[in-house]
Amino acid sequence: METAAAPVGLEAIAQSERDGVVALTVRTRRFAQHIHIDVRGALADDDHFHLEPGGERVVRLHAARGSTVRGEVRALNGDDAARFSAVLP
């Protein structure tokens with residue numbers, strides 16, 4: 001029997017740093033399993049991780065200077081997604 005996925009309360013906040021790096025802060029209200037960062041034009045330092053209820057992790061995204069980094073974060077056990085974007089100087 002399959003159970004329907006419910007929102008886990010994902011939040012993603014992207015902040016430009018220096019040298020082509022975006023700091024992506026991922027937060028969740030409920031347990032989030034196998035969090036996946038879907039980002040185009042950047043390489044993530046981490047992906048497919050779990051977060052405990054109320055947990056937070058900062059993942060560095062590496063991209064070319066002057067580019068716009070956009071994407072979304074999803075959890076395997078959730079039906080919600082958190083979108084993010086940041087412009088690198």
Side-chain angles (χ1 to χ4, degrees):
M1 177 201 282
E2 288 188 40
T3 58
V8 295
L10 285 173
E11 182 181 356
I13 301 166
Q15 288 188 300
S16 298
E17 292 188 337
R18 56 181 168 72
D19 299 327
V21 175
V22 171
L24 178 65
T25 302
V26 180
R27 296 182 184 127
T28 184
R29 287 192 314 265
R30 295 182 43 224
F31 172 70
Q33 182 180 16
H34 290 287
I35 294 173
H36 172 61
I37 301 169
D38 182 12
V39 60
R40 291 157 290 295
L43 180 63
D45 278 351
D46 200 358
D47 199 10
H48 297 284
F49 53 89
H50 307 312
L51 281 178
E52 69 279 358
E56 174 180 301
R57 181 174 297 190
V58 177
V59 177
R60 299 283 188 272
L61 307 176
H62 303 272
R65 289 181 181 179
S67 64
T68 299
V69 176
R70 289 187 179 98
E72 70 178 21
V73 177
R74 292 184 172 274
L76 180 65
N77 63 322
D79 67 356
D80 52 343
R83 289 186 167 81
F84 63 88
S85 68
V87 178
L88 289 166

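It should be emphasised that the depicted structure is a prediction, and the values quoted were computed from it without experimental measurement.
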With a 4.5 Å cut-off on side-chain heavy atoms, are V69 and S85 touching? no
Look up atom CG in L76 and atom NE2 in H36, then write down how far apart they are to the nearest 0.5 Å. 11.5 Å
On a heavy-atom basis, which atom in A81 and which in R74 lie closest, and how many Å separate them? CB-CZ, 3.6 Å
Starting from F49, can I reach F31 by hopping between I/L/V/M/F/W/Y residues whose side chains sit under 4.5 Å apart? no
Given E56 and L51, is the side chain to side chain contact (heavy atoms under 4.5 Å, CB included) satisfied, shown in steps? CA-CA 7 Å; E56 174 180 301; L51 281 178; 5.8 Å; no
Hey, does I35 have a side-chain heavy atom less than 4.5 Å from the side chain of L10? yes
Rounded at 0.5 Å granularity, tell me how far CZ in R83 sits from CG in D38. 10.0 Å
With sequence neighbours left out, write down each residue that passes side chain to side chain contact (heavy atoms under 4.5 Å, CB included) with E11, or none if nothing qualifies. I13, R27
By side chain to side chain contact (heavy atoms under 4.5 Å, CB included), which residues pair with A12, not counting sequence neighbours? L24, V73, A82, F84
Looking at R18, I'd like to know if its CZ atom is crowded, meaning that more than 12 non-hydrogen atoms belonging to other residues, nucleotides or ligands lie closer than 6.0 Å. no
Return yes when atom CD of E17 has more than 12 non-hydrogen atoms of other residues, nucleotides or ligands closer than 6.0 Å, and no otherwise. yes
Interatomic spacing from CZ in R29 to CG in D80 - rounded to 0.5 Å: 7.5 Å
Heavy-atom closest pair, residues A75 and V8: CB-CG2, 4.2 Å
Please check if the side chain of D46 supplies one atom and the backbone of V59 the other of a donor-acceptor pair under 3.5 Å. no
Side-chain donor or acceptor of R70 paired with backbone N/O of R40 under 3.5 Å: no
Is there a donor-acceptor pair under 3.5 Å between the side chain of D47 and the backbone N or O of I37? yes
Locate the shortest heavy-atom distance separating E52 from T28; write the atom from each residue and the value. O-CG2, 3.5 Å
How close do A63 and L88 get, heavy atom to heavy atom, and via which atoms? CB-CD1, 3.7 Å
Heavy-atom closest pair, residues V22 and A14: CG1-CB, 3.8 Å
S16 side-chain N/O to A86 backbone N/O, donor-acceptor pair under 3.5 Å: no
Considering residues at least two apart in sequence or located in another chain, which fulfil the ring-ring contact (aromatic ring centres under 6.0 Å, His included) criterion with H62? none
Give the ring-plane orientation class for H50 versus H34, where under 30° counts as parallel, over 60° as perpendicular and anything between as tilted. perpendicular
